[in-house]
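Report on the structure given below.
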Amino acid sequence: MVKFSKELEAQLIPEWKEAFVNYWQLKKQIKKIKLSQKSKQPHQVLDHEFGLSIFYPIRSLARNISSKLFHSDSKTEIIQVRSKSMEDGDEEVYQTELVQLFSEEDEVTVFFESLDGELNKVNQFYKNKESEFLERGEILNKQLGILLNLKRVLNEHRRKPNAGALSLSWSSSPPRSSLCSESSANETSTDSQIDEIIAALEKKGVNLISSGTRKKPKKGKPKMAVRMEVPATTPTRTITAVTSMLWEDLVKNPKKEGAGDFISRKKIQCAEKMIRGAFVELYRGLGLLKTYSSLNMVAFTKILKKFDKVSNQQASASYLKVVKRSHFISSDKVVRLMDEVESIFTKHFANNDRKKAMKFLRPQQQKESHMVTFFVGLLTGCFVSLFSVYAILAHLAGIFKPNSERSYVEIVYPVFSVFTLLSLHLFTYGCNLFMWKATRINYNFIFEFQPSTALKYRDAFLICTTFMTSVVAAMVIHLLLRASGFSPNHVDVIPGILLVIFIFVLVCPFDIFYRPTRYCFIRIIRNILCSPFYKVLMVDFFMADQLTSQIPLLRHMESTTCYFLAGSFKTHGYETCKSGRLYRELAYVISFLPYYWRAMQCARRWFDENDPNHLANMGKYVSAMVAAGARITYSRQESHLWFFIVLITSVVATVYQLYWDFVKDWGLLNSKSKNLWLRDDLILKNKSIYYMSIVLNVVLRVAWVETVMGFRFNMIESRMLDFLLASLEVIRRGHWNFYRLENEHLNNVGKFRAVKAVPLPFREIDSDG
């Protein structure tokens, strides 16, 4: 049977952990009471040592029976729990008084003081979150009411025989009901009815800004004006927002939009999607609050039972009555609001299909299959066996000897290095997922992944082992065919076939091979490539940071693409791609691109959030671009001038990166922290791990020193060293990932942020505009 402390640790909401009952501290105090009893027990035994006899158990049993028969109605309360209101009147505080004296009175008093403190903490947190969600629910009802009425206006305009621009921009049917309109949706479409709907909106205090075709009401201005604000999450919206801002700022003549421009089908659809997402998050938050209430109730019950058992008293019944009367148990507002959200969502977003609505509101998590674990083990064994076979064949063929044929390493090495580095990155990501799950870091919430389709660590390991087994199998086949005397023109097509297969699997439209994950990956890569036109999310810049560690992989992809597109595999020559001027110039572009994308993301975040820290972060990537360009130039024309340029730019970029890693991304090196030069909150219990991680990150960050040391290697040794350094950078990035998400998780915990804040489309402003 699992102990409740472990069960509570596994089920509690990580971001609200500090607001839960401190069950572990209360258990320690009960142990102190037990130890206090044991210290007093020997004295009691000595006092009665000569009075005991063989009839003592019989007398004790008779005394217990008589006390139950004759004194059952005279049970007295051991404790009294009083509630009193604070000066503001909103906060209710519970305080326990001991009616009956205990032999260990001091420890019992401390226990109940702590228990009262935990009850007050839980109660107050629940009240705050409940009021927050209730307020959010009222706002969403208003937003939905405005949306439904706008859709109705557009639908009536569409039915109009001589409809203008609005009829071209709206084609969906309206809902059957509206929260803010009392007239029927089946009325005939006429101008007077449209005016009545707009007037009804204005009577309810809603004025649609930028509806230039509408006249002001005769009874004066409405009480509230509403503007539709659609976030600039796509390139089209971003360009429109920037040009509109420049138009207003530079020309000083803001464009007046008509109703057809302001109320469009795309904007209404986007607003509907935003409100639907807000309802889903509200429902999720209410579910978390309900779980919070039930877990704390069980915790209070368990800890009071432990107290009764240790103290041989019956104090739990009277205290539990108070707990059940407290607000976090007695209030039913959360349950009623959940029912209301379910009915609203089913009616307006699921076409009265409750089963469809529940798929959005209560997504089912995937059940972990033991078959995944089995195939991970099977493919790992296959990979080890095939790699051993390849190592033996390569040794027999003399592939990696200094005087071996150069074409094999120059042609095969870049192609298979792409797959190997990608597989290593997948393996480190699987290790990250395992550690995040083990340490209760809510990575699905941070990355905004759907729990039903999110990749688990076993799935990541399965993809990795499948990838590597296929790659090593292709390498063995390639080497066998090459040793058997097949034409190099045909043999060298094997890596290209493997690449085509993997690209086909990545874009495969069928629901196989983790399609949601594949499409999510493609969408993130699209957002990165189009930076800064897409709104930057956590998962976007996290993936862009991964690309900055995969510049060698991108360089190898450049070599592979050139080799196949230039037709070099037909002539079995590699000089075309290595000596071409375009190829050499593209090396700069490939080395700059990941840093450029990341810098543009920082610029976009500064534009959206107006936070100067993002500009400082952008400077880090610009310095990395300069250092990367200097190192490429130095590798081609070695001179003292370029040596000093490389040294200065690389040192500046490395110091910049290390500072940002430790202080900003990891939140460490805090001189005022209770943990020396770390931070106050640490997820890992062993502090030495953090110090070793700091040292490891410094060592791997300065791996660029090898490029300026002037070591001389032969061609094969040089390629192996490059691959080793690239692999170490991938490992460093996987190591960095854990602490980056740990710091993000602790920020969410510090702010009790367990529900995503979804922006809403309609904003109240002054009616003057």
Side-chain angles (χ1 to χ4, degrees), residues 129-156 158 170-187 197 200-201 204 206 228 230 265-294 331-366 444-445 448-454 511 516 754-762:
K129 284 296 176 183
E130 184 185 64
S131 61
E132 178 186 329
F133 288 135
L134 289 174
E135 182 181 358
R136 185 72 171 175
E138 292 177 1
I139 294 172
L140 286 180
N141 276 337
K142 293 179 182 177
Q143 294 272 327
L144 182 61
I146 297 170
L147 174 69
L148 295 176
N149 281 287
L150 286 177
K151 290 176 69 173
R152 185 176 178 192
V153 169
L154 285 172
N155 183 70
E156 295 293 340
R158 182 179 64 84
W170 180 255
S171 59
S172 63
S173 59
R176 295 184 180 180
S177 62
S178 171
L179 293 180
C180 299
S181 177
E182 298 178 357
S183 57
S184 174
N186 296 322
E187 294 176 349
I197 295 172
L201 287 173
K204 294 181 179 294
V206 178
M228 180 186 288
V230 178
R265 178 178 60 87
K266 290 185 178 179
K267 285 190 176 183
I268 292 293
Q269 286 179 343
C270 183
E272 183 175 0
K273 185 177 179 181
M274 293 168 68
I275 294 174
R276 183 185 67 187
F279 269 111
V280 171
E281 284 300 312
L282 174 63
Y283 190 84
R284 179 174 171 271
L286 293 170
L288 292 178
L289 195 58
K290 187 178 177 182
T291 302
Y292 174 83
S293 172
S294 59
S331 176
D332 63 341
K333 294 180 181 178
V334 170
V335 177
R336 286 192 281 111
L337 185 56
M338 288 183 73
D339 294 337
E340 184 180 350
V341 171
E342 286 182 10
S343 61
I344 290 175
F345 198 92
T346 304
K347 184 176 183 180
H348 298 293
F349 299 106
N351 294 326
N352 292 318
D353 187 348
R354 181 176 173 79
K355 187 176 180 181
K356 179 181 177 182
M358 288 300 105
K359 287 183 179 180
F360 284 96
L361 297 176
R362 298 179 187 173
Q364 298 293 325
Q365 292 191 3
Q366 288 181 336
N444 283 336
F445 173 68
E448 300 182 20
F449 288 158
Q450 293 294 331
S452 57
T453 58
D511 193 7
V755 180
K756 184 174 66 175
V758 180
L760 299 176
F762 304 111

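Computed from a predicted structure; not experimentally measured.
- What you find for Phe133 and Gly285 is that their closest heavy atoms are CE1-O, 3.6 Å.
- Expressed to the nearest 0.5 Å, how far CD1 of Ile139 lies from CG of Leu144 amounts to 13.5 Å.
- Judged purely by atom type and a 3.5 angstrom limit, Glu281 has no side-chain atom pairing as donor or acceptor with the backbone of Ala757.
- With rounding to the nearest 0.5 angstrom, the CZ atom of Arg336 is 7.0 Å from the OG atom of Ser331.
- With a 6.0 Å radius and a threshold of 12 heavy atoms from other residues, nucleotides or ligands, Asn351 has its CG atom at or below the threshold.
- Smallest separation of non-hydrogen atoms from Leu147 and Ala271: CD1-CB, 4.2 Å.
- Between Phe445 and Lys756, the shortest heavy-atom contact is CE1-N, 3.4 Å.
- For Gln143 against Ile275, the heavy-atom pair with the smallest separation is O-CD1, 3.7 Å.
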Review point. Given Val280 and Phe345, is the side-chain contact (heavy atoms from CB on, under 4.5 Å) satisfied, shown in steps?
Key: CA-CA 9 Å; Val280 171; Phe345 198 92; 3.7 Å; yes
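- Rounding to the nearest 0.5 angstrom, the gap separating the CG atom in Leu148 from the NZ atom in Lys347 is 9.0 Å.
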Review point. Stepwise, does the side-chain contact (heavy atoms from CB on, under 4.5 Å) test hold for Leu760 with Leu140?
Key: CA-CA 8 Å; Leu760 299 176; Leu140 286 180; 3.6 Å; yes
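- The two atoms that bring Pro516 and Asp511 nearest to each other are CD-OD1, 4.2 Å, heavy atoms only.
- Separation of atoms NZ (Lys129) and CG (Leu286) is listed at 11.5 Å; rounding is to 0.5 Å.
- Of the possible polar contacts, none joining the Thr346 side chain to the Ser343 backbone as a donor-acceptor pair under 3.5 Å is found.
- Here the closest heavy-atom approach between residue Ala278 and residue Arg136 is recorded as CB-NH2, 4.2 Å.
- From Ile268, atom CD1 reaches atom NZ of Lys273 across 15.5 Å, with rounding to the nearest 0.5 Å.
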**Study point:** Full working for side-chain contact (heavy atoms from CB on, under 4.5 Å) between Leu361 and Phe349
**Key:** CA-CA 11 Å; Leu361 297 176; Phe349 299 106; over 6 Å; no
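- We find that Glu272 and Lys151 are joined by a salt bridge, their nearest charged nitrogen and carboxylate oxygen being less than 4.0 Å apart.
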Point to revise | Asn141 vs Glu340, side-chain contact (heavy atoms from CB on, under 4.5 Å): CA-CA, chis, key distance, verdict | key: CA-CA 10 Å; Asn141 276 337; Glu340 184 180 350; 3.4 Å; yes
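- No donor-acceptor pair closer than 3.5 Å links the side chain of Arg276 to the backbone N or O of His348.
- In this structure, Phe360 CZ and Gln450 CD are separated by 9.0 Å, a value rounded to the nearest 0.5 Å.
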